[in-house]
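Each remark here refers to the structure printed beneath this line.
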Amino acid sequence: MPAQVPKRLRGRPKQTDNDISIQQTIIYTASTLFKEFGYETVTLQQIGKKCGVSKPTIYYHFASKADLFQAAMTTMLQNVRKITARMLEEAAHLQDGLIQLTEARLANPHGQIETMMREAEPLLEEKHIHAIREAEHQIHEVLAAHFKLAMEQQMFREEDPLFLAEAFSTLMLMGNREHDMKKFESHHVLAEKIVHVFLNGVTLS
C-alpha cells in the first residue's frame, strides 16, 4: 500500500517573489504618505489606492495599520543604519565620515521620523513602539562602535560611547530646523559646523 501524502497544513500560503514585491511597494507607499500626512490621517484605503492594490491585499500582508506603520518605520530606520555603517566604514577618517553622514541626514531629515513617532505613539501598542525604538537603537550602536574605537585609539576621551552616539544624533536633528539652515550656505557647511562642535567636546586635547 503506497504511503499516504500528508495533507498540507492550513494557514497562510508561502510568500512568492511577487508577494514580497507587493509588500515592499505597500511599505514604500505607506512611508511616503505617513511622512507627508502623519499616521492618524492616512488610511489603508488611501495607501491601497496610491500603490494600486486593494485594502484586502494590504490586510493579507499586514494585520493592521499599526503593523504597517511599524514596518514602514523600521524599514526607514534600517536603511538609515545601513547608510550610517557604510559611510563611516568607507571614510578615510572618522571626521570625514561624520561630516558626510550629517550632510546626508540634513538632505533627508531624520527629524521627520521622530515627528511621526510623537504623533503616532499614543495610537500604537507597546510592541510597535518597542520594535521601532529598537531599530533606532541599532543606528546608535553603529555610531557607538566607531566612537569606542576612537577612544581605544586615544582620539576621544573616555565616555559612554552609546551616550555619545545619542548626543551626536541629537545634534544632527538640530540641523533640521529651518531657521538654522538659513544661517548656512549649504548642507555641507552646516554639517561641518555640527561635527566641529561635537568633536570639540569629545576629543582629547
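The figures that follow rest on heavy atoms only: side chains count, while hydrogens, waters and symmetry mates do not.
- A distance of 11.0 Å separates NZ of K148 from CD of Q153, quoted to the nearest 0.5 Å.
- Here the straight-line distance linking atom NE2 of H61 with atom CD1 of I26 works out to 4.5 Å at 0.5 Å rounding.
- Using a 4.5 Å heavy-atom threshold, the side chains of L199 and L98 count as touching.
- The local environment of CD in E40 is sparse, with at most 12 non-hydrogen atoms from other residues, nucleotides or ligands closer than 6.0 Å.
- Contact of the H128 side chain with the D67 side chain is registered, since non-hydrogen atoms from C-beta on lie closer than 4.5 Å.
- By the neighbour-count criterion of 12 heavy atoms within 6.0 Å, atom CD of E152 is densely surrounded, having more than that number from other residues, nucleotides or ligands.
- At a threshold of 4.5 Å between non-hydrogen side-chain atoms, the residues V195 and Q95 count as touching.
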Next on the checklist: Assess the residue pair L77 and R81 against the criterion (side-chain contact (heavy atoms from CB on, under 4.5 Å)); give the C-alpha distance rounded to whole Å, side-chain angles, the decisive distance to 0.1 Å, and a yes or no.
Outcome noted: CA-CA 6 Å; L77 290 166; R81 178 182 57 78; over 6 Å; no

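- Closest approach of G97 and L88 over heavy atoms only: C-CD2, 3.7 Å.
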Next on the checklist: Please determine whether salt bridge (Lys or Arg N to Asp or Glu O under 4.0 Å) holds for the pair E114 and R133, giving the CA-CA distance in whole Å, both sets of side-chain angles, and the decisive distance to 0.1 Å.
Outcome noted: CA-CA 10 Å; E114 190 57 40; R133 292 305 182 192; 3.3 Å; yes

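- The shortest side-chain heavy-atom distance between L44 and Y59 falls under the 4.5 Å cut-off.
- Between M117 and M73, the closest side-chain pair of non-hydrogen atoms falls below 4.5 Å.
- Under the 4.5 Å side-chain heavy-atom criterion for grouping Ile, Leu, Val, Met, Phe, Trp and Tyr, V202 is connected to L101 within one hydrophobic cluster.
- In the hydrophobic clustering of this structure, L162 does not group with M172; members are Ile, Leu, Val, Met, Phe, Trp, Tyr whose side-chain heavy atoms approach within less than 4.5 Å, directly or through other members.
- Linking ILVMFWY residues whenever their side-chain heavy atoms come closer than 4.5 Å, directly or via other members, leaves L68 and Y28 in distinct clusters.
- Distance alone, capped at 3.5 Å, places no donor-acceptor pair between the K35 side chain and the M116 backbone.
- With values rounded to the nearest 0.5 angstrom, Q70 atom CD is found 10.0 Å from H130 atom NE2.
- Nearest heavy atom pair, residue A131 against residue T74, reads O-CG2, 3.7 Å.
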Item to check | Steps toward side-chain contact (heavy atoms from CB on, under 4.5 Å) verdict (M155, L149) | outcome: CA-CA 9 Å; M155 294 167 54; L149 180 61; over 6 Å; no

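- Between I47 and A30, the shortest heavy-atom contact is CD1-CB, 3.9 Å.
- A continuous path of hydrophobic side-chain contacts links L123 to I132 [ILVMFWY only; heavy atoms under 4.5 Å].
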Item to check | Check against side-chain contact (heavy atoms from CB on, under 4.5 Å), F62 and I27 | outcome: CA-CA 10 Å; F62 304 97; I27 290 172; 3.6 Å; yes

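- Contact detail for G38 and E119: the closest heavy-atom pair is CA-OE1, 3.7 Å.
- In terms of heavy atoms, C51 sits closest to T25 at CB-CG2, 3.7 Å.
- In the model, E192 has a side-chain atom that pairs as donor or acceptor with a side-chain atom of H188 under 3.5 Å.
- Put simply, the side chain of L143 reaches to within 4.5 Å of the side chain of S169, judged on heavy atoms.
- By the neighbour-count criterion of 12 heavy atoms within 6.0 Å, atom CD of E134 is densely surrounded, having more than that number from other residues, nucleotides or ligands.
- The shortest side-chain heavy-atom distance between H187 and L190 does not fall under the 4.5 Å cut-off.
- Here the side chains of I99 and H196 are not in contact, with every heavy-atom distance at 4.5 Å or above.
- Annotation: side chain to side chain donor-acceptor pair (under 3.5 Å) contacts involving residues 48-58, sequence neighbours excluded, comprise S54-T57.
- Between I139 atom CD1 and N79 atom CG the span is 9.5 Å, to the nearest 0.5 Å.
- Heavy atoms only, all atoms of each residue included: Q154 and L204 are closest at O-CD1, 3.2 Å.
- Inspection of the E136 and H140 side chains reveals no N or O donor paired with an N or O acceptor under 3.5 Å.
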Next on the checklist: Set out, in order, the CA-CA distance, both residues' side-chain angles and the distance that settles side-chain contact (heavy atoms from CB on, under 4.5 Å) for K65 and F34, then state yes or no.
Outcome noted: CA-CA 11 Å; K65 187 171 86 166; F34 287 141; 4.3 Å; yes

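- Atom CG of D160 and atom CD of E166 lie 7.5 Å apart (nearest 0.5 Å).
- Each of V197 and L173 belongs to its own hydrophobic cluster when Ile, Leu, Val, Met, Phe, Trp and Tyr are linked at side-chain heavy-atom distances under 4.5 angstrom.
- Note on ring orientation: taking the six-membered ring where Trp is involved, the planes of F147 and F156 are tilted (angle from 30° to 60°).
- M151 CE to H146 NE2: the interatomic distance, rounded to the nearest 0.5 Å, is 13.0 Å.
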